[in-house]
Amino acid sequence: MNLSELQKGECGIITKVTATQVLKSRLNSFGITKGATIYVIEQTMSKNTIEIRLHSTKIALRINEAKTIEIERTPCKI
């Protein structure tokens, strides 16, 4: 599954990032890498963006960017 499929309050572990090299570099700079655990804080009403927490950082991504991040759903430990 990909990150855009997670709902508010769910967690996942990143298994793969299939973005273009430019986007992948940008995501890496935020810490969005294989093995990282993310938590979905919110999705906008129009479902155009998703807000996630990675460690102690909040990040907003476009849904088309979130679709390039493959995850494995996991129980939240927060």
Side-chain angles (χ1 to χ4, degrees):
M1 82 183 309
N2 60 48
L3 176 56
S4 65
E5 296 174 62
L6 281 184
Q7 301 299 311
K8 178 180 177 179
E10 292 185 320
C11 295
I13 296 176
I14 299 172
T15 57
K16 187 176 185 181
V17 179
T18 59
T20 64
Q21 192 57 43
V22 173
L23 179 56
K24 198 173 198 176
S25 293
R26 188 174 138 246
L27 295 174
N28 282 338
S29 71
F30 293 133
I32 298 174
T33 58
K34 184 178 178 178
T37 301
I38 55 102
Y39 171 76
V40 177
I41 298 170
E42 191 68 67
Q43 282 192 355
T44 59
M45 293 295 283
S46 61
K47 298 217 177 193
N48 289 332
T49 59
I50 184 170
E51 183 180 3
I52 62 170
R53 186 174 68 219
L54 180 72
H55 305 293
S56 61
T57 305
K58 290 182 182 178
I59 303 165
L61 298 172
R62 294 176 190 95
I63 289 298
N64 63 340
E65 295 170 337
K67 287 180 180 178
T68 68
I69 302 168
E70 295 180 26
I71 58 102
E72 179 181 317
R73 186 178 286 141
T74 183
C76 293
K77 298 176 183 175
I78 57 170

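Index from 1, following the sequence.
Put simply, OG1 on T37 and NZ on K77 are 8.0 Å apart, with the number rounded to the nearest 0.5 Å. Separation of atoms NZ (K58) and CD1 (I52) is listed at 12.5 Å; rounding is to 0.5 Å. The CZ atom of R53 sits 7.5 Å away from the SG atom of C11 when rounded to the nearest 0.5 Å. For the atom pair CD1 (I14) and CD1 (I69), the distance works out to 5.5 Å, reported to the nearest 0.5 Å. Atoms NZ and CG, from K34 and N28 in turn, are 13.0 Å apart once rounded to the nearest 0.5 Å.
Applying the side-chain contact (heavy atoms from CB on, under 4.5 Å) test between T68 and each of I32, L27, N2 identifies L27 as the sole match. Considering E42, E51, Q43 in turn, E42 is the only one that fulfils the side-chain hydrogen bond (donor to acceptor under 3.5 Å, both in side chains) rule with K8.
The closest donor-acceptor contact from the side chain of T15 to the backbone of E70 lies under 3.5 Å.
For the pair M1 and I71, the minimum side-chain heavy-atom distance is below 4.5 Å. Residues L61 and L3 form a side-chain contact, since some pair of their non-hydrogen atoms from C-beta on lies under 4.5 Å apart. Using a 4.5 Å heavy-atom cutoff, the side chains of T44 and I50 are not in contact.
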Derivation of the side-chain contact (heavy atoms from CB on, under 4.5 Å) call for E65 and L23: CA-CA 8 Å; E65 295 170 337; L23 179 56; 4.0 Å; yes
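In terms of heavy atoms, G12 sits closest to L6 at N-CD1, 4.1 Å. Residues V40 and Q7 come closest through the heavy atom pair CB-O, 3.5 Å. Between F30 and I59, the shortest heavy-atom contact is CB-CD1, 3.6 Å. Closest of all the heavy-atom pairs between A36 and G31 is CB-O, 3.8 Å. Taking each heavy atom of C76 and Y39 in turn, the nearest pair found is SG-CD1, 3.9 Å.
By the 4.0 Å N-to-carboxylate-O rule, E5 lies too far from R73 to be salt-bridged with it.
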